[in-house]
Amino acid sequence: QEQLVESGGGLVQAGGSLRLSCAASGRTFSNYFMGWFRQAPGKEREFVAVVSWIGSITVYADSVKGRFTISRDNAKNTVYLQMNSLKPEDTAVYYCAADRRNIPGRRAGEYDYWGQGTQVTVSS
């Protein structure tokens, strides 16, 4: 059974850093685009970043561009999200997702598999 498991969330002060990981199991996701989304209380799930099969294509939401970096290690079946210069408005549950299409999707409905999420809280 396909499974995505996020880890690395936690509580951090504004200006700090966190590195999220998403470990895939049950199948290889090396030929999937992998994305990160986030959802704050009372808000819709929003796109954060996406990376192509071999990491040559990355797309970021404007709100995180220059602060977050998405990467992947297909040998480990793992995707990462390095988050620097964190702000209180980055507080949310962060989800990783897998998209079997050959384009970088920004809409949650375009993704086929989802993890359970990891909480990121940034204090001011």
Side-chain angles (χ1 to χ4, degrees):
Q1 183 176 352
E2 299 85 359
Q3 191 174 16
L4 300 174
V5 179
E6 302 94 336
S7 61
L11 173 64
V12 64
Q13 288 188 332
S17 298
L18 282 175
R19 188 196 196 202
L20 305 183
S21 298
C22 172
S25 62
R27 70 179 296 137
T28 179
F29 286 94
S30 59
N31 58 341
Y32 282 62
F33 275 57
M34 299 296 294
W36 285 96
F37 287 75
R38 66 187 182 186
Q39 189 167 17
K43 295 187 177 181
E44 293 188 354
R45 192 166 298 189
E46 67 172 357
F47 169 76
V48 175
V50 60
V51 61
S52 61
W53 302 347
I54 59 172
S56 58
I57 299 172
T58 56
V59 179
Y60 296 92
D62 288 343
S63 58
V64 307
K65 201 173 294 183
R67 300 187 297 123
F68 290 10
T69 302
I70 188 171
S71 62
R72 66 191 298 167
D73 184 340
N74 287 335
K76 296 181 178 180
N77 229 9
T78 300
V79 181
Y80 305 98
L81 185 68
Q82 177 66 44
M83 306 186 295
N84 299 328
S85 302
L86 283 161
K87 305 175 181 180
E89 51 263 44
D90 294 318
T91 295
V93 176
Y94 283 71
Y95 299 88
C96 73
D99 183 354
R100 71 183 69 185
R101 303 172 310 144
N102 192 27
I103 54 176
R106 289 175 172 262
R107 292 192 293 268
E110 295 169 333
Y111 285 73
D112 303 288
Y113 301 98
W114 289 86
Q116 84 290 345
T118 185
Q119 176 70 47
V120 171
T121 303
V122 184
S123 63
S124 57

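In the hydrophobic clustering of ILVMFWY residues, with side-chain heavy atoms under 4.5 Å counting as a link, Leu18 and Phe37 come out apart. Cluster membership for Tyr95 and Trp36, using ILVMFWY side-chain heavy atoms within less than 4.5 angstrom, is not shared. A chain of hydrophobic side-chain contacts below 4.5 Å, direct or via other Ile, Leu, Val, Met, Phe, Trp or Tyr residues, connects Val122 to Met83. Under the 4.5 Å side-chain heavy-atom criterion for grouping Ile, Leu, Val, Met, Phe, Trp and Tyr, Val93 is not connected to Leu4 through any hydrophobic cluster. Cluster annotation: Phe68 and Val120 are assigned to the same hydrophobic cluster (Ile/Leu/Val/Met/Phe/Trp/Tyr, side-chain heavy-atom contacts under 4.5 Å, transitive).
Lys76 and Thr78 make their closest contact through O-OG1, 2.9 Å (heavy atoms, listed as atom of the first residue, atom of the second, distance). The shortest heavy-atom contact between Pro88 and Ser124 is CG-CB, 3.9 Å. For the residue pair Ala49 and Leu81, the shortest heavy atom distance occurs at CB-CD1, 4.4 Å. Between Ile70 and Val79, the shortest heavy-atom contact is CG1-CG1, 4.1 Å. Nearest approach of Tyr32 to Ala98, heavy atoms of both residues: CD2-CB, 3.7 Å. Contact detail for Tyr111 and Gly105: the closest heavy-atom pair is OH-O, 2.7 Å.
In this structure, Arg19 and Tyr80 have side chains that are in contact, with non-hydrogen atoms separated by less than 4.5 Å. Contact annotation: the side chain of Thr91 never approaches that of Arg38 to less than 4.5 Å [non-hydrogen atoms, C-beta and beyond]. A heavy-atom distance below 4.5 Å is found between the side chains of Phe29 and Tyr113. Counting heavy atoms from C-beta on, the side chains of Asp90 and Arg67 come closer than 4.5 Å. The closest side-chain heavy-atom distance from Trp114 to Arg45 is below 4.5 Å.
Between Glu6 atom CD and Cys22 atom SG the span is 5.5 Å, to the nearest 0.5 Å. Distance check: Ser52 OG to Ile57 CD1 gives 4.5 Å after rounding to the nearest 0.5 Å. A distance of 9.0 Å separates CG in Asn74 from CD1 in Ile54, rounded to the nearest 0.5 Å.
For Arg107, the CZ atom is loosely surrounded, since the number of other residues' heavy atoms within 6.0 Å does not exceed 12.
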Review point. Run the salt bridge (Lys or Arg N to Asp or Glu O under 4.0 Å) check on Asp62 and Lys65 step by step: do they pass?
Key: CA-CA 5 Å; Asp62 288 343; Lys65 201 173 294 183; 3.1 Å; yes

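Of the residues listed (Asp99, Val59, Val51), the one engaging Phe33 in a side-chain contact (heavy atoms from CB on, under 4.5 Å) is Asp99, and it is the only one.
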